[in-house]
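In what follows, chains carry the letters A, B, and so on, assigned in the order in which the sequence lines appear, proteins first and then strands, with residues in each chain numbered from 1. Please read all numbers here as calculations on a predicted model, not as lab measurements.
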Amino acid sequence: MRMRESTSGSFCKRCSMHFDCNFTPYLSLKINPDLIGHERNLNIVPEVLSQAQEVMIMEKKALPPKSEFSEWYHELIQRAEIMDVRYPVKGLYVWFPFGFRIRKEVYGILREIMDREHDEVYFPALIPETELGKEGEHIKGFENEVYWVTHGGTTPLDVKLALRPTSETAMYPMFKLWIRSHADLPLKVYQIVNTFRYETKHTRPLIRLREITSFKEAHTVHATFEEAEEQVKKAMSYYKEFYDRLAIPCLICRRPEWDKFPGAVYTMAFDTIMPDGKTLQIGTVHNLGDNFARTFNIEYEMPNGEHSFAYQTCYGISERCVAALISVHGDDLGLILPFEVSPVQVVVIPVLYKGKEEAVLKAARELGEELKRRGYRVVVDESDERPGAKYYTWELKGAAIRVEIGPREVDEGTAVVSFRDEKKKFSVKRDEIPEKVEEWAKEMRERLYARAVEAMKERVKYCNSLEEVEEWIKKGVALVHLCDSEECGAKLDEIASVLGEVFELPFEVSAEKKGKCVVCGREGRLNAVARTY
RNA sequence: GGGGCCGUGGGGUAGCCUGGUGAUCCUCCCGGCUUUGGGAGCCGGUGACCCGAGUUCAAAUCUCGGCGGCCCCA
């Protein structure tokens, strides 16, 4: 960086030099906390520089602390080899093999749940402009975000093709062909595909993307509104189960009218709270009523020969679920993943000493093989690094259970075991390990969930006044009573986003379902308000 | 939507203001020796000035444009 006069007139408080010194406190603190992160400015004072550089070297390998959430997330996602952010197009990122393994495990659960009553399908990524534009509300909601394919080679296309921002308008013209009688209903399908949205806001890996790579979208068609209503409830219970298995607590709200899915009757949303207090929407369930059926003419013949429009729902989850997984559980050392989705469920680390390598390696490999036979994902880390370096590496990557075997353990027939979410180590008879893994995994998921719920609880507070809301949303989610009027909603929306009427929280709150609107004082219902991603 | 900052080996950086030396240092990576219970050490090696145009005898450095990234506010 060039040294130059600050043009804005503001100066860094720490080093009194130009204002953009990029102060990075997490790199600091062993020698002189005031200096660290200011090494550029300190270049002008060589003897101080060398001291600061020393610290840089010592501390370089540590992640930023999780309390610096934005930096922590960005850094972790690369260092743990989840996404490569260097792809040269804004908002598009590359899944590393390790990240993709996490995706595979997470989406494996989602698939398993969906497969119980949905058929998997695949619809094309290109949607003709004529179909995309049919439903008025729907297209209004997406028109600023659509990517267009305008040419085939050098020939301009007669009808432009949109890269799907979501697949309703790709699927529903086909549903019209598939559905003719009541016997064809209900229809329940899902697909896991990429979708494209030209995001104008700040993009972030897994969170705000121009290509969503892993959009699980389910679409159902029913004979009556009531059946669609039933399906909404089922979908919500599926999503609850999914996030329960990931040990991610969710806040479930009914989105306000102005924020529902374009074309829907109403939208139910799952949000979780990130470590910085902002919420992340990680799932939505929409009751579409017969809005799309009327637009796309999806009709069926009833047993009595009369015709009726069908009723539809759709619901989706994207790779934001992986972002939530990383953010909710991780700590200063890196990823913490529930056993069920960790790419490395057990890591075995042989501690080698000269002359005793053979016996240690043999014991480590035997244990590794036995665990693999039982179907666990296991790594026996025989690399050349020293044990300490391996501990850090596997902590960064979220290996759930670590087993150390050294000469001492070989003699005793034991191993030293530790869990990623706990500091303590303990000794176990080696041949008892395989049968204990399942129980350990279960306990670990429970600990993670309990911890996540506690963290969420601390971020949610009932607020009595707009001033209180304004103050609290810096920290987390504010609960308020809000009436049904648009004006009151808009007023609140100026302060932060209204997530909607609260349907479910993963813990008890001391707030009534109904109460006086925080804006106007009329009767209102319990709503959540927060800063959002 | 508004504002600010930045682009130098795989990662982090120095050099830029004031144009000119073989482009600095750390890390990663490769080879060798040595070591191994919480990020070891020594020796050797590979590897970089975002793209385009302009100014100039000369551009990492100055100017303009593009692309990309980060942060803050709404």
Legend entry - rC5(B) versus rG65(B) - spacing of their P atoms, nearest Å: 15 Å
Legend entry - Under 3.5 Å on both distances, the Watson-Crick or G-U partner of rU21(B): none
Legend entry - Pair E145(A) + R210(A), salt bridge at N-O below 4.0 Å: no
Legend entry - Base-pairing assignment for rG37(B) (Watson-Crick or G-U wobble, both under 3.5 Å): none
Legend entry - Side-chain touch I82(A)/I326(A), heavy atoms, less than 4.5 angstrom: yes
Inset, instruction - Tell me which of T393(A) and E357(A) sits closer to the 5' end of RNA chain B, going by the nucleotide each one is nearest to. - result: E357(A)
Legend entry - C1' atoms of rG20(B) and rU56(B), separation to the nearest Å: 12 Å
Inset, instruction - Answer with yes or no whether the side chains of R164(A) and T169(A) bring together a donor and an acceptor at under 3.5 Å. - result: no
Legend entry - Interatomic distance at P, rG47(B) relative to rU24(B), whole Å: 13 Å
Legend entry - Integer-rounded Å distance: rU36(B) C1' and D381(A) CG: 13 Å
Inset, instruction - Using a heavy-atom cut-off of under 4.0 Å over every strand shown, decide if R402(A) touches base, sugar-phosphate, or nothing. - result: base
Legend entry - Contacts of type side-chain hydrogen bond (donor to acceptor under 3.5 Å, both in side chains), residue E135(A), not counting sequence neighbours: none
Inset, instruction - Send over the distance from Y392(A) OH to rC28(B) P, rounded to a whole Å. - result: 15 Å
Inset, instruction - Classify the nucleic acid contact of K423(A) as base, sugar-phosphate or nothing, counting any heavy atom under 4.0 Å across all strands shown. - result: nothing
Inset, instruction - Measure from the ring center of F426(A) to the ring center of F419(A) and say whether it is less than 6.0 Å. - result: yes
Inset, instruction - With sequence neighbours excluded, give me every side chain to side chain donor-acceptor pair (under 3.5 Å) pair touching residues 358-372 of chain A. - result: K362(A)-E366(A), R365(A)-E382(A), E370(A)-R373(A), E370(A)-R374(A)
Inset, instruction - Look at E199(A) together with K90(A) and state whether they make a salt bridge at an N to O cut-off of under 4.0 Å. - result: no
Legend entry - Salt-bridge contact K474(A)-E471(A) (side-chain N to carboxylate O under 4.0 Å): yes
Legend entry - C1' gap between rC30(B) and rG68(B), integer Å: 31 Å
Inset, instruction - Could you state the atom-to-atom distance from CZ of R86(A) to P of rG10(B) in whole Å? - result: 8 Å
Inset, instruction - Run the salt-bridge test on K475(A) and D276(A) with the 4.0 Å N-O cut-off and return the result as yes or no. - result: no
Inset, instruction - Could you check which nucleotide pairs with rC42(B) in any of the strands shown, counting Watson-Crick or G-U wobble with both distances under 3.5 Å? - result: rG32(B)
Legend entry - Pairs where residues 426-444 of chain A contributes a residue and the test side chain to side chain donor-acceptor pair (under 3.5 Å) is met, not counting sequence neighbours: none
Legend entry - Whole-Å distance separating the CD1 atom of I405(A) from the C1' atom of rU36(B): 16 Å
Inset, instruction - Starting at atom CD of E81(A), determine the distance to atom C1' of rC28(B), rounded to an integer number of angstrom. - result: 12 Å
Inset, instruction - Using a cut-off of strictly less than 4.0 Å, decide whether T200(A) has a side-chain nitrogen or oxygen near OP1 or OP2 of rG1(B). - result: yes
Inset, instruction - Considering only NZ, NE, NH1 and NH2 on the basic side and carboxylate oxygens on the acidic side, decide whether R197(A) and E211(A) come within less than 4.0 Å. - result: no
Inset, instruction - Please determine, for rG54(B), whether a Watson-Crick or G-U wobble partner exists with both distances under 3.5 Å, and give it or none. - result: rC62(B)
Legend entry - rC26(B) versus rC43(B) - spacing of their P atoms, nearest Å: 11 Å
Inset, instruction - Can you tell me the distance, in whole Å, between the CZ atom of F96(A) and the P atom of rG10(B)? - result: 14 Å
Legend entry - Inter-nucleotide P distance (rG66(B), rG4(B)), Å rounded: 16 Å
Inset, instruction - Could you run through nucleotides 41-51 of chain B and give me one letter per nucleotide, 5' to 3': B if any protein heavy atom sits under 4.0 Å from the base, S if only the sugar-phosphate is that close, - if neither? - result: -----------
Inset, instruction - Report the C-alpha distance between I495(A) and V529(A) in whole Å, list the side-chain angles of each, state the deciding distance to 0.1 Å, and finish with yes or no for side chain to side chain contact (heavy atoms under 4.5 Å, CB included). - result: CA-CA 9 Å; I495(A) 302 173; V529(A) 182; 5.7 Å; no
Inset, instruction - Rounded to the nearest angstrom, tell me the gap between atom CG in L396(A) and atom P in rC28(B). - result: 15 Å
Distances under 3.5 Å between protein N/O atoms and the N/O atoms of nucleotides 32-35 of chain B, please, pair by pair.
{"unit_1": "rU35(B)", "atom_1": "OP2", "unit_2": "K354(A)", "atom_2": "NZ", "d": "2.8"}
{"unit_1": "rU35(B)", "atom_1": "O2'", "unit_2": "R386(A)", "atom_2": "NH1", "d": "2.9"}

Inset, instruction - Searching all strands shown, indicate the nucleotide that pairs with rC67(B) (Watson-Crick or G-U wobble; both distances under 3.5 Å). - result: rG7(B)
Legend entry - K354(A)/E357(A) salt bridge by N-O under 4.0 Å criterion: no
Legend entry - Distance-only donor-acceptor test, E395(A) side-chain atoms vs rG38(B) base atoms, 3.5 Å: yes
Inset, instruction - Using the C1' atoms only, state how far rU35(B) lies from rC42(B), rounded to an integer number of Å. - result: 11 Å
Inset, instruction - Quote, to the nearest angstrom, the C1' distance that separates rU18(B) from rC29(B). - result: 38 Å
Legend entry - Watson-Crick or G-U wobble partner of rG1(B), both distances under 3.5 Å: rC73(B)
Inset, instruction - Can you tell me the distance, in whole Å, between the NZ atom of K390(A) and the P atom of rG39(B)? - result: 14 Å
Legend entry - Pairwise distance CG(L499(A)) to CZ(R254(A)) - rounded to 0.5 angstrom: 15.0 Å
Legend entry - Base-contact (B) and sugar-phosphate-only (S) positions in nucleotides 67-74 of chain B, heavy-atom cut-off under 4.0 Å, - elsewhere: -SSSS---
